[in-house]
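See structure below.
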Amino acid sequence: MHEIVVRLEQVRERIRQAEREFGRPADSVRLLAVSKTRAADEIRVCAAAGQVAFGENYLQEALEKIEELRDLALEWHFIGRLQGNKTRPVAENFAWVHGIERLKHAERLSQQRPDRLPPLQVCLQVKIDPEDSKGGLDPTETAELISAVGELPRLQLRGLMTLPAPSAAGERQRRPFRLLRELRDRLASPELPLDTLSMGMSGDLEAAIAEGATLVRVGTALFGPRN
Ligand SMILES: *Cc1c(COP(=O)(O)O)cnc(C)c1O
């Protein structure tokens with residue numbers, strides 16, 4: 001068996017185990033395979049083993065792989081930093097965008113989303129820890145952006161995403177994920193249920209699942225260390 005397939009099975013088992021351990025329903029957590037820097041052939045191996053959703057950070061690299069893998073019915077998620085002048089290829093080639101933090105970007109994506117495609121599924125990225133070097137909205141700005149993005153016709157606002165700085169296991173690891181879930185619980189409404197919590201990666205997916213992740217973004221544990 002290919003080593004990627006072995007690792008895919010291990011990651012699926014980690015997810016199932018965490019669902020059981022933390023009282024989450026079976027199959028309530030989706031796996032997003034983060035394939036940045038990996039070759040199209042490696043994605044093919046993973047896809048042949050049943051993986052459908054793939055996440056990419058770098059637009060040019062992603063577009064080449066999307067083109068090369070057109071023959072497969074894959075679901076592409078953009079998880080990198082959006083640039084205002086490069087929203088069109090994102091709107092035209094991806095099913096999901098996880099890192100929205102500016103209304104301007106959301107408006108462009110909505111305008112540029114082709115009518116032949118279903119609405120673009122989006123999450124707002126929140127910076128839970130102010131010390132965090134990675135981007136995201138301040139939690140206090142989130143409510144306002146939720147209502148504005150919720151109005152855009154060609155986007156479907158699915159929930160919140162966070163990318164905390166790596167930290168040791170245990171309570172420290174769970175804290176940012178719990179804060180994101182609590183923020184979601186406060187801001188969800190019948191019109192905008194925010195059913196998605198995109199949080200947890202190779203090193204902390206159990207902590208994220210314990211706190212309610214519905215989608216974990218996993219690269220290294222699937223494909224091995226990045227060069
Ligand atoms: C690279 C990346 C991941 C995957 O990280 P691993 O530690 O390799 O699992 C998840 N989310 C985002 C936004 C990333 O950039």
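All values below come from the heavy atoms of this structure, side chains included, with hydrogens, waters and symmetry mates left out. Note that ligands are numbered from 1 as they come in the structure, with each ligand's atoms numbered from 1 the same way. Position 1 is the first residue of the sequence, and the numbers go up from there.
Taking the charged nitrogens against the carboxylate oxygens, Glu75 and Arg30 do have a contact shorter than 4.0 Å, which makes a salt bridge.
Counting only distance, with no hydrogens or angles, the side chain of Glu19 and the backbone of Val29 share a donor-acceptor pair below 3.5 Å.
Among all heavy-atom pairs drawn from Gln125 and Gly135, the shortest one is NE2-O, 3.1 Å.
The aromatic rings of Phe94 and Phe78 sit perpendicular to each other, their planes meeting at more than 60°, with 30° as the lower class boundary.
The number of heavy atoms from other shown groups lying within 6.0 Å of CZ (Arg175) does not exceed 12. Glu144 CD: 12 or fewer foreign heavy atoms inside a 6.0 Å radius.
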Find all protein N or O atoms under 3.5 angstrom from an N or O atom of ligand 1 and list the pairs with distances, or write 'none'.
from	atom 1	to	atom 2	distance (Å)
ligand 1	8 (O)	Thr220	N	2.8
ligand 1	8 (O)	Thr220	OG1	2.5
ligand 1	8 (O)	Arg226	NH1	2.8
ligand 1	8 (O)	Arg226	NH2	3.2
ligand 1	9 (O)	Ser202	N	3.0
ligand 1	9 (O)	Ser202	OG	2.5
ligand 1	9 (O)	Gly219	N	2.8
ligand 1	11 (N)	Arg217	NE	2.9
ligand 1	15 (O)	Lys36	NZ	2.7
ligand 1	15 (O)	Asn57	ND2	2.7

